[in-house]
Amino acid sequence: MREEMSKDDDRSPPLDLRGADIAESSSKTRNCAGITGSGSGTGTNPMEFQAPYPDQVLENVLENVLQFLTSRRDRNAASLVCKSWFRVEALTRSELFIGNCYSVSPKRATARFARIRAVSIKGRPRFADFNLMPPGWGAHFAPWVSAMTTAYPWLEKVYLKRMSVTDEDLVVLARSFPSFKELVLVCCDGFGTSGLSVVASKCRQLRVLDLIESEVSDDELDWIGSFPESGTTCLESLIFDCVECPINFEALERLVARSPYLKKLRLNRFVSIGQLYRLMIRAPQLTHLGTGSFNLAEGVGQNDQELDYVSAFAACKSLVCLSGFREISPDYLSAIYAVCANLTSLNLSYASINADQLKIVIFQCHKLQTFWVLDSICDEGLQAVAATCKDLRELRVFPIDAREDSEGPVSDVGIQAIAEGCRKLQSILYFCQRMTNAAVIAMSINCPDLEVFRLCIMGRHRPDHVTGEPMDEGFGAIVKNCKKLTRLAISGLLTDRAFSYIGKYGKLVRTLSVAFAGDSDMGLKYLLEGCSKLQKLEIRDSPFGDAALRSGLHHYYNMRFLWMSSCRLSPQGCQEIARALPRLVVEVIRDDGEGMTAESELHMDDTVDILYMYRSLEGPRENAPKFVTILQ
Amino acid sequence: MEKSLRNEVCPQLLDLISKEREWFVNRDGERRHGLPEEKKLELRLGPPGEDWCVKHNSKNNNQRERDESLLSLGYYSPMASRTHNNNNSNGCQTQMFAASSENPWNSPSVYQHNQQQTKAPSFLQFPSTPKSLPVMSQETPQPCCTKVVDLQSAEKKGFSPSSAKTAVPNSSQKRTAPAPVVGWPPIRSFRKNLASTSSSKPSPESQNAVPDKVVSQKPVETCSKGLFVKINMDGVPIGRKVDLKAYDSYEKLATAVDELFRGLLAAQRDSSAGGIQNKQEEEKEITGLLDGSGEYTLVYEDNEGDRMLVGDVPWHMFASTVKRLRVLKSSELSALSLGSSKQGKLQLDSPMR
């Protein structure tokens with residue numbers, strides 16, 4: 001039966017039968033010709049889908065079994081078995097994941113899946129975070145929330161990433177879903193404290209309100225004060241460290257006091273250390289704490305408050321995750337010593353501390369698995385981490401001075417140390433100015449569990465600073481030796497050879513980020529022809545042209561998206577792709593650095609600023625902004 | 001748009017080099033006077049990516065870009081901008097040249113390429129579709145409130161020693177900020193304020209001397225964002241951009257416009273004349289922009305879409321309503337009806353390119 005399915009899929013919406021991650025809500029209902037359900041004889045007519053099916057018992061059994069299936073990849077596979085399984089899977093799926101909000105319409109998704117309780121939607125491409133795309137591109141939550149009010153009245157959870165959410169959307173959300181429990185907004189924008197205020201006041205079952213790296217406008221509304229004033233709340237998680245406006249602290253204090261289930265609290269930088277103290281003594285049950293500014297409030301002298309921060313921290317015996325330190329006064333760092341031994345996650349990436357200040361802390365963090373930090377700790381600090389944190393799984397080193405010509409206090413020395421000390425490392429993001437192939441190779445050998453390797457050598461085209469060679473061999477070793485690698489970001493001086501390595505060995509790579517790399521079309525060709533699991537490819541400022549683009553025709557339906565900006569593409573080349581692959585939406589985005597002003601249509605002799613293309617069941621989206629041209 | 005620069009053929013280097021040399025000598029005594037032949041080598045073997053660094057200066061006008069990125073723009077002086085917007089046929093090379101000379105840290109990698117013979121062919125793989133240089137609009141000085149300071153601090157920084165080992169170093173290799181690129185390094189904007197919120201500035205001597213007392217202040221407000229408007233000139237296909245916040249009077253703006261376009265205009269004359277380039281003699285000052293006495297006159301479009309003469313209203317009023325600028329031939333103006341002096345509106349029949 002699977003062979004018949006394959007043939008059908010050529011005509012049908014894009015699906016990857018090899019089970020790779022796909023736009024899960026792609027619908028197959030209309031193209032199930034030739035597939036018979038259990039017990040029915042003539043399965044050629046799509047209308048048969050609606051005819052009554054005889055084998056009720058089997059369907060019931062199936063339903064009872066399939067409801068235990070949680071992994072969406074497993075569910076996708078199950079849904080392809082036959083019509084019956086397709087139907088039952090659709091009925092039993094409770095979590096809907098939309099990897100690209102434009103790959104499927106809300107209407108289609110809600111038509112297929114009737115009993116969804118939790119929705120995850122991702123919108124903008126990641127490079128939009130770095131101002132590579134004009135604002136106003138799209139990814140609006142509005143059509144989704146609108147469709148869900150009727151389709152999913154029992155909706156409980158919404159997770160959005162890189163979507164534009166308006167205050168009105170939040171109002172609709174708050175009013176339409178009486179069972180609503182969890183709202184998580186990651187890298188979103190378009191809303192403000194007024195929307196939050198409505199959510200706080202209307203969602204009586206709210207357990208989770210997490211705002212992560214989102215832009216929240218200050219509507220000068222006391223949203224913390226909008227939580228119901230009396231009775232205990234259900235709140236388990238309140239994360240608002242990205243909110244860049246002051247909050248009503250007294251209201252927060254009262255809220256925390258009557259939230260006995262609160263486990264995660266991440267404060268923004270407008271909460272001083274004195275206020276933190278007051279919260280901590282009310283919530284010793286916290287497991288995740290974001291400390292806010294970790295400094296005195298303005299106008300408060302050091303001697304005014306002799307609070308016992310040490311005890312406050314010591315009282316939080318369940319604390320495993322610590323972050324914040326937004327305006328840290330390193331004098332206070334010693335307060336956290338008591339909890340270090342239990343910490344599995346520590347985020348100091350806003351704290352400009354040096355190696356010595358770090359060491360005292362890190363030497364006590366034996367259980368640390370996740371560590372985010374600024375490069376102000378230098379290689380010496382990383383050596384301390386390597387010496388102590390033997391269980392480290394994820395490391396992120398951010399630059400305190402994110403410019404190409406900055407000094408770069410961390411280097412290959414740090415990588416080498418981490419490689420030798422943290423053998424269980426799974427994920428690394430590392431910003432630096434100097435790197436060597438040797439260090440990267442060392443990491444590839446010492447850390448076999450690496451799944452995510454993201455190295456950003458901030459100066460463009462920088463070679464190995466010892467040998468002067470390109471960084472080809474280092475990255476080559478990573479793809480070759482790290483057999484579990486699924487995500488890779490490359491940088492530094494890289495020739496086509498690096499790409500040949502990635503194409504040859506990076507068979508599990510799903511996400512790849514390329515910038516200022518490669519010599520010729522061959523680079524991209526190696527990737528598209530070699531990386532069979534590639535789903536998300538983002539490329540900027542690399543010399544890849546139309547010929548290279550053509551070489552991926554066989555694969556684009558298997559990908560979630562391809563982003564190429566400031567490469568060598570022409571509108572003709574992109575149009576060729578659009579014509580060859582009708583289910584691909586090929587967006588050419590104009591970005592002349594001025595944001596939204598695009599005075600003229602795309603001309604065929606323009607160069608392509610940004611190509612963003614993605615598979616979709618819906619065809620070109622309506623209401624695309626003027627700076628977007630969808631080629632057909 | 002300006003992007004098709006990347007598809008430029010690489011024309012005769014010899015022409016370019018001589019022009020470049022004069023260009024530099026003419027403009028700025030303090031710039032490097034490196035041997036053009038070495039620069040030529042740099043050009044031919046430069047890594048492909050360097051085309052784009054100048055192009056992306058255009059992105060720096062993006063007001064979303066945080067000032068920290070703009071800080072290193074301090075280096076990006078008018079001199080540099082003019083070299084980037086050189087004559088049509090030399091656009092590609094000029095970019096490369098200027099890019100490599102402004103990015104000494106790039107030089108080592110370029111020199112690496114010298115050693116690797118394979119580099120030469122890749123460079124020559126650039127598709128050879130000569131095109132007239134499209135609008136390359138944004139190579140303007142982009143002042144930021146900290147511009148001057150950062151220019152100096154950038155220059156004081158020691159160059160990363162380890163990568164500058166090989167081949168022929170730039171003779172007066174001052175450390176200068178490379179032309180910054182939008183969205184690079186890929187750090188989200190809320191992480192970029194850190195250098196200013198904490199009082200520690202990274203510097204070679206004091207990497208481990210982060211002061212204990214961090215000033216407990218709110219993060220520094222981003223510099224008042226530049227007010228960038230496009231400016232086009234009659235007869236010059238390449239538009240530019242100016243930051244009106246850098247000026248506080250019409251006279252200064254007029255001077256800036258003169259500086260911006262003088263070279264371009266001369267280049268246009270050169271190419272149209274088809275003659276031997278001799279920039280020194282060809283360039284004329286552009287004067288009388290504001291009073292109608294010169295060959296060209298400055299006009300602007302306001303937020304209502306009307307075309308007005310520049311200079312009629314108080315500066316701040318102008319700055320708040322201007323949307324774009326144009327430098328028109330004065331001879332064409334007389335044919336048009338001018339409004340009252342209070343609102344000198346022009347009606348132009350044919351829209352300007």
Side-chain angles (χ1 to χ4, degrees), chain A residues 127 129-132 135 213 242 293 295-296 298 327-331 350 352-357 374 376 378 398-407 409 431 433-434 456 458-463 465-466 468 493 515-516 519-520 541-543 545 566 568 592-595 605-607 609, chain B residues 1 3-4 6-7 47-50 52-53 55-56 58-59 61-62 64-65 68-69 71-72 105-106 108-109 112 122 125 127 137-138 154 157 160 162-163 165-166 175 177-178 180 182-188 190-192 194-195 197-198 200 202-204 207-210 212-214 216:
Chain A
F127 272 0
D129 289 353
F130 312 120
N131 297 334
L132 286 182
E213 296 185 10
C242 63
S293 78
N295 206 327
L296 299 169
E298 287 191 19
E327 290 160 6
I328 187 174
S329 172
D331 296 342
Y350 290 95
S352 172
I353 57 173
N354 61 27
D356 291 325
Q357 289 160 333
L374 284 177
S376 57
C378 305
F398 294 96
I400 195 171
D401 185 7
R403 292 177 298 147
E404 287 189 69
D405 61 337
S406 61
E407 269 311 308
F431 286 85
Q433 294 283 14
R434 305 186 302 287
C456 180
M458 291 191 280
R460 286 167 284 153
H461 309 301
R462 291 228 176 137
H465 78 95
V466 167
L493 182 65
F516 305 101
D519 305 320
S520 72
D541 296 89
S542 301
S566 305
R568 302 231 182 122
D592 55 5
E594 284 189 55
D605 56 359
D606 288 346
T607 53
D609 295 333
Chain B
M1 292 207 202
K3 309 309 172 293
S4 62
R6 290 187 293 283
N7 293 331
E50 284 199 309
W52 287 275
C53 42
K55 178 264 181 186
H56 283 95
S58 67
K59 306 266 189 195
N61 292 320
N62 188 336
R64 296 187 298 274
E65 185 70 351
E68 281 74 20
S69 312
L71 289 177
S72 41
W105 57 262
N106 265 339
S109 61
Q112 296 315 317
S122 65
Q125 270 175 21
S137 52
Q138 289 101 337
K157 282 191 179 165
S160 307
S162 45
S163 48
K165 282 189 183 168
T166 56
R175 174 88 169 139
V182 166
W184 187 263
I187 299 278
R188 299 199 63 209
F190 56 80
R191 286 198 180 278
K192 282 192 175 176
L194 295 174
T197 42
S198 64
S200 64
S203 58
Q207 274 180 10
N208 278 322
V210 172
D212 282 347
K213 284 217 185 62
V214 174
S216 70

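Chain letters run A, B, ... following the sequence lines, proteins first and then strands; every chain starts at 1.
Neither the backbone nor the side chain of A:Phe127 has a heavy atom closer than 4.5 Å to any heavy atom of chain B.
The two residues B:Val182 and A:Asn131 have their closest heavy-atom pair at CG1-O, 3.4 Å.
Atom-to-atom distance recorded for A:Asp401:CG and B:Ile187:CD1 is 10.5 Å, nearest 0.5 angstrom.
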Quick one: do B:Trp184 and A:Asp541 satisfy side-chain contact (heavy atoms from CB on, under 4.5 Å)? Show the steps, please.
-> CA-CA 11 Å; B:Trp184 187 263; A:Asp541 296 89; over 6 Å; no

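B:Pro185 has its side chain out of reach of A:Pro399: every pair of non-hydrogen atoms, C-beta onward, lies at least 4.5 Å apart.
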